[in-house]
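I have placed the structure first, in the form of structure tokens, so that the comments after it can refer back to it.
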Amino acid sequence: MRRRTQSFTTTSTGITRILQNEVHISKAFDPSSAPKPISPQKVGAKKFMAIWDTGATGTVISQKVIDDCGLKPIGMTRVNTASDKGILTTVYFASIILPNKVIIPQLRVTRGTIVGDAEVLVGMDIISHGDFAVTNYGDKTVFSFRMPSIECIDFVKQKPSVTAPQISKPSPKVGRNDPCPCGSGKKYKKCCGR
């Protein structure tokens with residue numbers, strides 16, 4: 001039996017350097033015993049801002065998320081961050097509801113400090129369960145996620161829908177005494193190099 005595909009798309013005006021959106025987090029729940037249809041309100045989930053980071057192995061939550069959701073620790077682990085190696089931190093079980101009700105009902109998350117206004121850092125433990133794409137077309141940043149993965153997205157093998165502009169190699173540097181590239185027959189310094 002094939003699992004139903006869930007997906008969402010987040011669009012930002014202009015080119016953005018941080019992929020973020022709102023997510024809901026609650027204590028971990030069993031989807032088979034949760035009230036149907038599953039919604040953030042029915043499972044007691046709280047709303048938080050999340051950053052998507054393909055450089056993070058696992059999902060990280062702040063102390064505020066832990067306190068607001070009443071999460072209980074299930075253990076400890078060592079994690080490496082960009083600034084620290086092998087720091088000891090607490091592990092929790094949580095449920096995460098992404099936009100458009102894309103649900104990860106039981107996920108192992110770690111406590112950490114997240115820079116900026118986000119309280120959640122979504123890592124590869126979620127991203128790798130689906131298809132993740134980011135485009136910057138028409139002065140908009142669009143990122144889209146679906147799970148489970150249903151195809152291989154390969155832009156090299158895929159036929160382009162529009163012809164992409166060809167990027168030419170820079171012209172070799174012309175010396176002052178070389179023939180002028182304009183074709184006049186004069187030395188560069190006596191023609192276009194003035």
Does Lys36 NZ have over 12 foreign heavy atoms under 6.0 Å away? yes
Thr89 side chain to Val79 main-chain N or O, any donor-acceptor pair under 3.5 Å? no
Same cluster for Phe143 and Phe48 if Ile/Leu/Val/Met/Phe/Trp/Tyr side chains link at under 4.5 Å? yes
Any side-chain heavy-atom pair from Thr110 and Thr77 closer than 4.5 angstrom? yes
For Ile18, is the CD1 atom crowded, meaning more than 12 foreign heavy atoms sit under 6.0 Å from it? no
Does the side chain of Val142 reach to within under 4.5 Å of the side chain of Thr9, using non-hydrogen atoms? yes
Please confirm whether the backbone N or O of Ser32 pairs with a side-chain atom of Asp30, one donor and one acceptor, at under 3.5 Å? yes
Do Cys69 and Ser26 have side-chain heavy atoms sitting under 4.5 Å apart? no
When you compare the side chain of Tyr92 with that of Val65, does any pair of heavy atoms fall below 4.5 Å? no
ILVMFWY network linking Ile114 to Leu71, side-chain heavy atoms under 4.5 angstrom: no
Give me the atom names and distance for the closest heavy-atom approach of Ile51 to Val115. CD1-O, 4.1 Å
Should we count NZ of Lys189 as having more than 12 external heavy atoms under 6.0 Å? yes
Ile97, Leu121: one ILVMFWY side-chain cluster at the under-4.5 Å cut-off? no
Can you find a pair of side-chain heavy atoms, one from Trp52 and one from Thr54, that are under 4.5 Å apart? no
Has the side chain of Asp53 got a donor or acceptor atom that lies under 3.5 Å from a matching backbone atom of Gly123? no
Could you check if a side-chain atom of Ser39 sits within less than 4.5 angstrom of a side-chain atom of His24, using non-hydrogen atoms only? no
In short, side chain to side chain donor-acceptor pair (under 3.5 Å) pairs touching residues 111-134 with sequence neighbours left out are Thr59-Asp125, Ser62-Glu119, Asp131-Arg146, Asp131-Ser149
Spacing of Thr5 atom OG1 and Met147 atom CE [to the nearest 0.5 Å]: 10.0 Å
Do Thr141 and Thr16 have side-chain N/O donor and acceptor atoms under 3.5 Å apart? no
Indicate, with yes or no, if Val134 and Met124 share a hydrophobic cluster defined by side-chain heavy-atom contacts under 4.5 Å among Ile, Leu, Val, Met, Phe, Trp and Tyr. yes
Is any side-chain heavy atom of Asn21 closer than 4.5 Å to one of Phe145? no
Residue Lys47 excluded, over 12 heavy atoms near NZ under 6.0 Å: no
Quick one, Phe93 and Pro73 - any side-chain contact, counting heavy atoms below 4.5 Å? no
